[in-house]
Amino acid sequence: MKRDLVSLSDWSSEEIWEVLELAAHLKRELRAGVDHRHILAGKTLAMVFQKPSLRTRVSFETGMTQLGGHAIYLGPEDIKLGKRETTEDIAIVLSRYVDGIMARVFEHEIVEELARFATVPVINGLSDLLHPCQALGDMLTIWEKRRRLEGLTLAFIGDGNNVAHSLIHACARLGLSFRIACPEGYEPDEAIVAWARDQGAEVKILREPKEAARGADVLYTDVWASMGEEAIAEKKRHAFSGYTIDQDLIEQANPGALVMHCLPAHYGEEITYEAARSPSSVIFDQAENRLHAQKAVLALLLS
Ligand code: CP
Ligand code: NVA
């Protein structure tokens with residue numbers, strides 16, 4: 001039976017811990033110069049992108065190379081997903097060539113459809129609804145820095161978007177308490193919040209960034225307008241005015257709190273440049289850990 005990574009809600013806490021442990025192991029060994037090219041020797045990953053990317057594209061491609069496999073980049077102009085042929089046919093055809101598919105898409109249903117029709121594992125490299133690979137790299141980062149996850153509080157300052165949704169899944173599975181400060185109308189998806197609370201997780205929706213930051217171990221943010229929201233970016237800029245991680249907000253959080261951002265960042269909007277470069281910031285460790293966490297996912301799903 002093939003296994004997909006479409007949503008972290010489909011993965012148990014044990015499975016997520018398996019990824020984190022393997023990621024930490026692969027990272028340690030990479031630093032020590034251990035050759036991992038036997039792990040996915042001869043395997044190919046198709047990387048389908050409907051949207052731009054720096055981290056996802058480069059970390060998946062580099063990850064495949066380090067594991068001895070190969071990755072093929074299929075950009076919006078290559079296969080014209082959703083325009084040239086059906087998603088079903090793309091999934092079936094790709095499965096005849098490659099050993100895994102990573103897809104970054106607009107509608108979440110597209111990645112679900114790829115997973116339904118592909119006979120090889122499908123990995124969600126971001127959809128409008130979710131970004132599970134980001135949350136895995138983030139949990140690895142928090143675990144490395146704090147040596148634990150359970151019992152910590154993550155405060156998300158900003159839009160209840162794809163990144164926030166996957167963090168809610170990850171926090172629920174790994175025992176972190178999640179809270180978000182957002183303006184009215186920009187809350188996370190109700191069904192995702194309800195799912196987390198059903199798992200016994202704590203999810204709080206607040207309005208005041210300072211209230212969310214108080215007692216938090218992690219301050220997290222993301223752009224106010226996501227890819228595909230260019231037409232409402234100006235409206236969101238107004239709505240989110242004041243929802244900025246700056247030095248003042250960091251001082252409200254617990255001593256030693258981590259400042260996190262999935263990147264790309266819009267400095268001066270959701271985070272100040274100074275906060276992103278402060279000693280609390282781990283934003284570039286997060287970016288690096290995308291590589292290690294995804295290598296663990298690839299090793300587990302494709303080998
Ligand atoms: N954080 C993240 O997914 O970055 P990219 O959009 O550059 O892949
Ligand atoms: N929420 C952002 C995340 C980018 C990695 C977006 O979807 O554009």
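Whatever order the structure lists them in is the order used to number ligands and atoms, beginning at 1. The first residue in the sequence is number 1, and the count goes up from there. All values derive from a computational prediction rather than experimental measurement.
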Please give the N or O to N or O pairs under 3.5 Å between ligand 2 and the protein, distances rounded to 0.1 Å.
from, atom 1, to, atom 2, distance (Å)
ligand 2, 1 (N), N161, ND2, 3.3
ligand 2, 1 (N), N162, OD1, 2.8
ligand 2, 1 (N), D222, OD2, 2.6
ligand 2, 1 (N), S226, OG, 2.7
ligand 2, 7 (O), N162, ND2, 2.9
ligand 2, 7 (O), S226, OG, 3.4
ligand 2, 8 (O), M227, N, 2.8

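Taking the charged nitrogens against the carboxylate oxygens, E61 and R57 do have a contact shorter than 4.0 Å, which makes a salt bridge. In this structure, R84 does not pair ionically with E77, as no charged nitrogen and carboxylate oxygen lie closer than 4.0 Å. In summary, E288 and R31 engage in a salt bridge, as defined by a charged side-chain N under 4.0 Å from a carboxylate O. K51 and D128 are joined by a salt bridge, as a carboxylate oxygen and a charged side-chain nitrogen come within less than 4.0 angstrom of each other. Salt-bridge check for D10 with R3: failed, with every basic side-chain N at 4.0 Å or more from each acidic carboxylate O. At a threshold of 4.0 Å, the pair K145-D285 counts as salt-bridged, since one of the basic side-chain nitrogens sits closer than that to a carboxylate oxygen. Salt-bridge formation is not detected for the pair E274/R277: no Lys NZ or Arg NE/NH1/NH2 atom is positioned less than 4.0 Å from an Asp or Glu carboxylate oxygen.
Contact annotation: the side chain of N289 never approaches that of Q286 to less than 4.5 Å [non-hydrogen atoms, C-beta and beyond].
Using a heavy-atom distance under 4.0 Å as the criterion, the protein contacts of ligand 1 are S53, L54, R55, T56, R104, H131, Q134, C262, L263, R290.
In this structure, R146 fails the cation-pi test against W143, since its NZ or CZ atom is not both closer than 6.0 Å to the six-membered ring centre and inside 45 degrees of the ring normal.
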